[in-house]
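Working notes for the structure below.
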Amino acid sequence: MLTKRIIACLDVDGGRVVKGVQFVNLRDAGDPAELAKAHSASGADEIVLLDISAAHQQRATLLDTVRRVAAQLFIPLTVGGGVRTLEDAAAVFAAGADKIGINSAALADSSLITRIAERFGSQAVVVAIDAKRGKDASRWEAFTHGGRATSGRDAVAWAREAESRGAGEILLTSMDRDGTGVGFDCELTLAVADSVRIPVIASGGAGGAQHFVEVFRDGHADAALAASIFHYGLSSLGDLKQQIGSQGIPMRWPC
Amino acid sequence: MIAIVDYGAGNLVSVKKALDWLGQECLITSDPAQVAEATKIVLPGVGHFASTAALGHSGLQDAITGAIGCGVPFLGICVGLQWMFEGSQESPETRGLGLFPGECERFPAHVKSPHVGWNQLEVDSSSRLFRGIPASSFVYFTHSFRVSLTDTTVACSEYGGSFSAAVEREHIFGVQFHPEKSGEIGLKLLSNFCAL
């Protein structure tokens, strides 16, 4: 049976993981390569590396980071942040990424999805959607530029278009839940997951095992991503997967 | 020297990286002469079945067929496995190598496609490729087409019905999943192939 994936996200700025971390036995807790390796060893199904600086002068630093992370990682690696052109994507793939995440650039020009998919395959294109509930609480708007600007697009409609343009997966972040630890937005996840035929990764709000169970069961998510839950307090991803698995959700465990 | 065949499709870096990690001498090449001289051949592939047409035009197909005929171990990964069959619904005009009978088919409509993620295997204990690998291991898949069960299937998986996750006959091997992305299990499988 296909398992539900638990994805660990590393936010990187200038070659360093910027959120606090509490891994033991690491020489350098801010080093993305060491952290990715540690997450993989403790049971992460995939790693997402998010370049939150995305400043143009730091592209070389990012590519170097991707190379160092990829060299020691034998599970799928997605790299997002600042990919604006086919050439940007090609450089990130050449550095060792398996998939790229695109957001603002795809909203600005959705043909970018198609161009990357035609060259590298749909499985390599993850369209990231930052969604926020609108005035009408049953709808969500897609935001761009790290959540700073609204695109005016309905998140569900945009997910469908991204799929038709060639996206292989949707990484769906609830801006309302991000960083709160109160649980994923299951309504948002369900609305998108039931509207597309490609896998949907839920993100934003993970605080404990029960939240993952809910977003898989009620939100129909295929995968769930978290960052801070793995960085603060929760020492073992394996424990988390066991707790989720004990509630009947198929997990890759033991790995 | 292990040749990783480059036919302009997909990302070969991760396969090279895994073989480097295992301490294997390998090179990524699109030169039929280098493929013909290789001690082992790996044909990776992500993307569209139609991309394998380039193998026929470039002389790589002849080099591969010749090497296989001389007993050189061959491993096809993902689309690389699919190409070892007769063809695929994904691109009916593109013919496969026909080393194994059958065609690649779509997943049934009631499951999401592509099939992406970690799925569990059921492994035939007689397989050389899976030597030392637990029978119900998890591996990473990402594909939209699949091969049914055949008498050369040595590992199967379940998604909208049972399908071939790996095939094996003599020194010819194919895996639908990505061993280079399947953690320790995948590295063990690649190491088994390298040790043949």
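Chain letters run A, B, ... following the sequence lines, proteins first and then strands; every chain starts at 1. Bear in mind the structure is a predicted one, so any value in this text is a computation, not a measurement.
Between A:Glu163 and A:Arg197 there is a side-chain heavy-atom pair separated by less than 4.5 Å. Here the side chains of A:Phe212 and A:Gln243 are not in contact, with every heavy-atom distance at 4.5 Å or above. Considering only heavy atoms from C-beta on, B:Thr150 stays 4.5 Å or farther from B:Pro101 through its side chain.
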- Query: Could you go step by step and tell me if B:Arg95 and B:Glu103 meet the salt bridge (charged side-chain N to carboxylate O under 4.0 Å, His left out) rule?
  - Reply: CA-CA 10 Å; B:Arg95 298 318 299 162; B:Glu103 301 263 333; 2.9 Å; yes
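Side chains of B:Thr142 and A:Gln123: no donor on one and acceptor on the other come within 3.5 Å. In this model, no donor atom of one side chain and acceptor atom of the other lie less than 3.5 Å apart for B:Thr29 and B:Asp31.
Counting non-hydrogen atoms of other residues, nucleotides and ligands closer than 6.0 Å to CD of B:Glu184 gives a total of 12 or fewer.
The contact between A:Glu169 and chain B is made entirely by side chain atoms (from C-beta outward), counting heavy-atom distances below 4.5 Å. There is no contact between B:His143 and chain A, counting heavy-atom distances below 4.5 Å. Heavy atoms closer than 4.5 Å to chain B are found nowhere in A:Pro250, neither backbone nor side chain. At a 4.5 Å heavy-atom cutoff, B:Ala50 makes no contact with chain A through either its backbone or its side chain. Using a 4.5 Å cut-off between heavy atoms, A:Ser40 makes no contact with chain B at all.
If you tally non-hydrogen atom pairs under 4.5 Å between each of A:Pro76, A:Gly121, A:Pro199 and chain B, the highest count goes to A:Pro76. Contact count against chain B (heavy-atom pairs under 4.5 Å) is highest for A:Met1 among A:Gln72, A:Lys4, A:Met1.
With ring centers used as reference points, B:Phe100 lies under 6.0 Å from B:Phe85.
Residues passing the side chain to side chain donor-acceptor pair (under 3.5 Å) test with B:Ser91 are B:Glu93, B:Thr94, sequence neighbours excluded.
The interface of residues 152-164 of chain B with chain A, defined by heavy-atom distances below 4.5 Å, comprises B:Glu158, B:Tyr159.
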